[in-house]
Amino acid sequence: MGHSRFRKPVRVAIGLQAPRNIETPLQAYSFLTEHAGDFQTLPHRLARNACLGAIEGGFDAEVARAAFVSFAKRAGILAPEVDDVVAARAMQSHSGQPLS
């Protein structure tokens with residue numbers, strides 16, 4: 001169990017660390033465990049439980065992904081997708097307005 005992959009990786013970044021792509025419930029669970037002291041919140045606990053459930057086979061990997069994304073958004077660590085950054089820069093150069 002625990003070998004399922006997310007359909008799309010979740011990109012997270014904390015502080016000055018390079019963004020990390022989280023691709024499986026096991027990686028998400030490891031990340032959440034590694035940063036348990038940093039985020040003592042209900043979304044953190046829910047995400048950990050969902051990831052553990054996916055690892056053990058009780059939850060679908062996409063349920064765990066959704067919980068992890070929700071946690072990351074609320075914690076302010078969800079990093080933009082590279083495609084999103086490229087699209088924003090293209091729009092900025094097209095409109096001539098700076099990115100905010």
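- In plain terms, the two heavy atoms of A61 and S4 that are nearest each other are CB-OG, 3.4 Å.
- Across D60 and A54, no two heavy atoms sit closer than the pair O-CB, 4.1 Å.
- Other members of the hydrophobic cluster containing L46, listed by chain and number, are L42; membership follows side-chain contacts under 4.5 Å among ILVMFWY residues, whether direct or relayed.
- Checking side-chain atoms of R74 against main-chain N and O of P43 turns up no donor-acceptor pair under 3.5 Å.
- Shortest non-hydrogen contact noted between P19 and A13 is CA-CB, 3.9 Å.
- For residues 41-67, every residue pair satisfying the ring pair (Phe, Tyr, Trp, His ring centres under 6.0 Å) rule, not counting sequence neighbours, is listed here: H44-F71.
- Residues passing the side-chain hydrogen bond (donor to acceptor under 3.5 Å, both in side chains) test with D38 are H35, sequence neighbours excluded.
- Cluster membership for I77 and F68, using ILVMFWY side-chain heavy atoms within less than 4.5 angstrom, is shared.
- Here the side chains of V10 and L78 are in contact, with some heavy-atom distance below 4.5 Å.
- Between R11 and E23, none of the side-chain N atoms (NZ, or NE/NH1/NH2) sits under 4.0 Å from a carboxylate O, so this pair counts as no salt bridge.
- V69 and I14 fall within the same hydrophobic cluster, where Ile, Leu, Val, Met, Phe, Trp and Tyr residues are linked whenever their side-chain heavy atoms come under 4.5 Å apart, directly or through other members.
- For the pair F6 and A28, the tightest heavy-atom approach, listed with the atom from each and the gap, is CZ-CB, 4.2 Å.
- In terms of hydrophobic clustering, with Ile, Leu, Val, Met, Phe, Trp and Tyr side chains grouped at heavy-atom distances under 4.5 Å, L32 and I55 are assigned to different clusters.
- Using a distance-only test at 3.5 Å, with no hydrogens or angles considered, a donor-acceptor pair links the side chain of T33 to the main chain of Y29.
- Between atom CZ of residue R48 and atom OG of residue S30 there is a gap of 10.0 Å, rounded to the nearest 0.5 Å.
- Note: L26 CG to F31 CZ = 14.0 Å, rounded to the nearest 0.5 Å.
- The side-chain heavy atoms of Q27 and R20, taken from C-beta on, include no pair separated by under 4.5 Å.
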